[in-house]
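Have a look at the structure below, then the notes.
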Amino acid sequence: MNKQHIGKPMARVEDARLTTGQGSFIEDMNPLPNIHHAAILRSPYPHARIKAIRTEQAEQMPGVKGIVTGKDVAELTHPFPVGVTAPVKYYSLAVDKVRYVGEPVAVVVAKNRYLAEDALEHIEVEYEPLPAVVDIETSLLPDSPILHDEVSSNIANHRTFSYGDPDKAFREAELVVKHKFMFPKYSATPVETYGVIAHYQSSSDSLTIWSNFHGPFTLQSVMAAALRINSNQLRIMIPKDVGGSYGIKSGVYPYMVLMGVVSKKVGLPVKWIEDRQEHLMASSSGTDRVTWIEAAVKQDGTVTGLRMKMVDSVGAYVRAPEPACLYRTHSNSTGAYRIEHLAMETIAVMTNKSPTGLIRGYGGQQMYFPLERIMHMVAKKLGLDPAEVLRRNLIAKEEFPYQTPSGGIYDSGDYRQAFEKLMSIAKYEEFRKRQAKARQEGRYLGIGLACIVEPSGSNMGYITVALTPEERGRSLPKSGCAEGATVSIDPMGGISVRISTAPTGQGHETVSAQIVGDVLGVDPRTVKVIAEMDTLTSPWSVASGSYSSRFGPIGSSAVYQAAGKVREKLLWIAADQLGRTPDELIMEAGKVVVRDDPSKQISLKRLVGSAHWNPQGLPTGTEPGIHETAFYTIPTAMPPDENDLINGSATYGFVADAVTVEVDPATGDVQILDYFTIHDAGVLLNPLIADGQIMGGLAHGLGGALYEELAYDKNGQFLAGSFMDYLCPTATEIPKVTIAHIETPSPLTPLGAKGLGEGNTMSAPVVIANAVADALSPYDVTIDTLPLSPNRIWSWIQQAKSKETLKEEELV
């Protein structure tokens, strides 16, 4: 295959319709006549019993067609299946209790949204308030308020792991560095909120749902189970345009089930579009986490062992696919470092906050914050430069493929080359000199570093690490990361591709066209890519969807393989017509040519015509038509073994970041001076799109570092219900960014590609924290929580000054 388009910065084909207002989003869709509109009544209490719901007055209002409550949902659905053994019952509407502010309590269906919203005000709910718990550590206590009586505690999942010999590593350690870190609950805030259209057909007892749900499609089985129907009675359709997700739109599925129940109950097709307040209060988010971490260290800075206790708040319910945030990075828990011994304790607790789920980088930012902070704390304890400590611990090029203590198989990489390239473009030593001079002038400059491994293409088996080997043994083993794609050519030569990756702005259409263009020797702009998802007609599997940066290693490979099948068939037909063997032919510029005699050739259109118009003239055993489907997975994506070893992702990229900041101690304000980031994602399929994804991930990580937190007060009241209170970075807050790449092709994917786009979401919070800590080192401030708001930094500085004053007074 001649790579004329793969690896080139081709502009996105999606942008033409998006920039001209011709996109097709869920709000634009009206696929049925007589669609009515739904509005949701939500709980104002974080924890309360529902004593009564009185809907009579609302039901009599003009235009109201029906009201659905938790009683209806309990009668018509099962609780959602969950991936843990704790008997947590979660329905799409609150049944007996509400457990977080914003939990759905009732749904009104009316002729339009205005009438539905008006009717909500006339529903009377009698609540019995109960004590709430929002703090992670408090939720673990035996006397803490219990959210689910049938569980008897707030712990939804609890496991311990030991790899290598961590006890020995800590016995022999020359230094032990330990600390507790807290990572906040924050969101993704895509431009487009959740949207659902549901239509129940009584004649077939089937349900069609249109939604901007992006997968993973393992949740289709979760929905079908809750709805008490067979999977082929639940048709899910996703528009070709989704206004951003960053993981969060996997969390729309409870509303898909809810609107399905509503449509069945009222006998009408129903449409619901979430507003921004609903989205912030009750959609989904990443987990907040408390991590206790210890590092066993030698005097030269080599880290030999880690102990980590990680406790995630999954919110009021452990909602599938949780506890994914807790285990997604299990295989790469030692990051980019050659650390041989590892002990982990993992706990998922329930609190009176909104339920959590997938979010860009899920689990990665929570894991790398303590890991990369502790590496810098090791350097400080030993009086070493952090750059030197990182260098001494990075996995060497000759060690790849490298197996981590917990079972991850890093497929390829040259971490040290990438790191040295970072040092060069960031002019690290030169900045250290600037920093020293600035401190003499009373200015506080700092530089932070972070080296992370970016997993991509989740192995579906990783989530089963939440279960013990004995518990896993009672069901079918789960593994793999399969994705499907179909390439077809119509009788007139038009090439189309159907993908099932449910893109949300990542350019899958463009890259798919580039791949097919190269494989079949045609202009990518003549290839039509169909990105709409339909579970009844699209090629898909449980792993399908848009998450875990899986298009690069998995989705693109499925497209490549499907196109390869078409190519093989066309070459076979051409070989018969030209009197040659397929390996004597090449496919280029819309034709098939004899390699050693270019005068003998046949057009692609004529070959396709033979398959459609003259099937009797095809070679013996050749089926008519050109329509090929391929499914791709990675052979190393195996189920976890009896020792809890799991290779949780298909491929592993590398990101090295350096950021420089200046902190104003009088105000606590942080100014980012420069941001440098080096990526190794294997072979880049489209560098232009890759850099756009890096910028998006960086902006998301920047928000988690400096601005964003879904905050609650101690009583469980939500404090961040609008963009006045939930602060997101805008274009003016994005710093100067320098992006560079190295490419170490993955040996596991046919194009050598890995995933990309989540790395800086994982690295930005900690690299900025490291830079701020470096800037404030004269104050001896320890940064162990985010976001780094000015008031928080100012308070730390004041506390440090107070301690210094006390020391001086003691000396006097």
Side-chain angles (χ1 to χ4, degrees), residues 25 101-102 182-195 212 214 242-252 273-288 315 325 353-354 356-362 364-366 369 504-506 657 659 661 667-672 675 677 692-712 718-737 757-769 771-772 785-793:
F25 298 88
V101 171
M182 300 179 68
F183 195 89
K185 177 184 178 76
Y186 76 106
S187 185
T189 59
V191 171
E192 181 191 40
T193 55
Y194 290 172
N212 48 18
H214 81 187
V242 173
S245 170
Y246 322 108
I248 206 165
K249 283 186 178 141
S250 64
V252 70
I273 302 295
E274 180 186 55
D275 67 33
R276 182 59 63 182
Q277 285 184 314
E278 289 180 295
H279 188 78
L280 285 169
M281 178 169 48
S283 61
S284 187
S285 71
T287 58
D288 41 329
C325 289
K353 298 181 180 180
S354 61
T356 61
L358 307 185
I359 188 174
R360 193 175 201 163
Y362 66 101
Q365 50 268 63
Q366 291 93 334
F369 181 56
T504 58
Q506 305 97 321
D657 283 1
V659 63
V661 301
T667 64
D669 181 63
V670 176
Q671 180 186 359
I672 298 178
Y675 199 117
T677 183
Q693 288 295 297
I694 289 169
M695 287 297 296
L698 194 152
H700 192 192
L702 181 71
L706 297 174
Y707 307 106
E708 299 182 42
E709 183 177 10
L710 293 170
Y712 294 75
F718 186 54
L719 302 177
S722 75
F723 284 143
M724 292 181 66
D725 304 299
Y726 186 84
L727 191 61
C728 295
T730 65
T732 57
E733 280 77 50
I734 305 303
K736 177 185 174 185
V737 179
E758 296 181 89
N760 292 106
T761 302
M762 304 178 196
S763 63
V766 68
V767 76
I768 293 170
V772 172
T785 190
L786 298 173
L788 299 175
S789 57
N791 62 317
R792 180 169 277 163
I793 291 175

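Nothing fancy with the numbering, it's 1 onward along the sequence.
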Determine whether the side chains of E274 and S283 contain a donor N or O and an acceptor N or O closer than 3.5 Å. no
Is the closest side-chain heavy-atom distance between L710 and Y726 below 4.5 Å? yes
Beyond-backbone contact of K185 with Y712, side-chain heavy atoms, under 4.5 angstrom: yes
Test of understanding: with side chain to side chain donor-acceptor pair (under 3.5 Å), list the residues that count as partners of Y707, not counting sequence neighbours. none
Locate the shortest heavy-atom distance separating G286 from I359; write the atom from each residue and the value. CA-CG2, 3.5 Å
Could you tell me if S789 and N791 have a donor-acceptor pair between their side chains, going purely by distance under 3.5 Å? yes
Is there side-chain contact between V661 and Q671, with heavy atoms separated by less than 4.5 Å? no
Contacts of type side-chain contact (heavy atoms from CB on, under 4.5 Å), residue S722, not counting sequence neighbours: M724, D725
Could you tell me whether the side chain of Y186 reaches within less than 4.5 Å of the side chain of S285, counting heavy atoms only? no
Please examine the side chains of P787 and P184, heavy atoms only from C-beta on, and report whether any two atoms are closer than 4.5 Å. yes
For a side chain to side chain contact (heavy atoms under 4.5 Å, CB included) check, start with the C-alpha distance between V101 and M281, then their side-chain angles and the critical distance, and finish with the verdict. CA-CA 7 Å; V101 171; M281 178 169 48; 3.9 Å; yes
Side chain to side chain donor-acceptor pair (under 3.5 Å) against E709, all qualifying residues, sequence neighbours excluded: none
Within the 4.5 Å heavy-atom criterion, are E192 and K249 side-chain neighbours or not? yes
State, to 0.1 Å, how close G315 and T356 come at their nearest heavy-atom pair, and which atoms those are. N-CG2, 4.4 Å
Strictly distance-based, threshold 3.5 Å: is any side-chain N or O of R276 a donor or acceptor partner for the main-chain N or O of V191? yes
Counting distance only, does the side-chain N/O of Q693 pair as donor-acceptor with the main-chain N or O of G757 below 3.5 Å? no
Evaluate the criterion side-chain hydrogen bond (donor to acceptor under 3.5 Å, both in side chains) for residue pair T730 and E733; output intermediate values, then yes/no. CA-CA 5 Å; T730 65; E733 280 77 50; 2.5 Å; yes
Any donor and acceptor pair, going by atom type alone, linking the side chain of N760 with main-chain N or O of G697 inside 3.5 Å? no
CG on L358 to SG on C325, rounded to 0.5 Å: 6.5 Å
Verify, without hydrogens or angle tests, whether S250 (side chain) and G247 (backbone) share a donor-acceptor contact under 3.5 angstrom. yes
With side chains defined as the heavy atoms from C-beta onward, is the minimum distance between S763 and F369 less than 4.5 Å? no
Side chain R792, main chain L786, donor-acceptor under 3.5 Å: yes
So how far is it from N212 CG to T193 OG1, rounded to the nearest 0.5 Å? 7.5 Å
Does the side-chain hydrogen bond (donor to acceptor under 3.5 Å, both in side chains) test come out yes or no for S187 and T189, once each step is laid out? CA-CA 6 Å; S187 185; T189 59; 5.8 Å; no
P729 and L702 have their tightest heavy-atom pair at CB-CD2, 4.2 Å
Distance from I793 atom CD1 to L788 atom CG, nearest 0.5 Å? 5.0 Å
Measuring only between side-chain heavy atoms, which start at C-beta, is P190 closer than 4.5 Å to I248? yes
T677 to I694 - nearest heavy-atom pair and separation: CG2-CG2, 4.1 Å
Is the gap between the ring centers of H214 and Y246 under 6.0 Å? no
Nearest atoms (heavy-atom pairs only) where I768 meets A705: CD1-CB, 3.8 Å
Calculate, to the nearest 0.5 Å, the distance between atoms OG1 and NE2 belonging to T761 and H700 respectively. 6.0 Å
Any donor-acceptor N or O pair under 3.5 Å, side chains Y675, D657: yes
To the nearest 0.5 Å, tell me how far E708 CD sits from L280 CG. 9.5 Å
What distance do H279 atom NE2 and S354 atom OG have between them, rounded to the nearest 0.5 Å? 10.0 Å
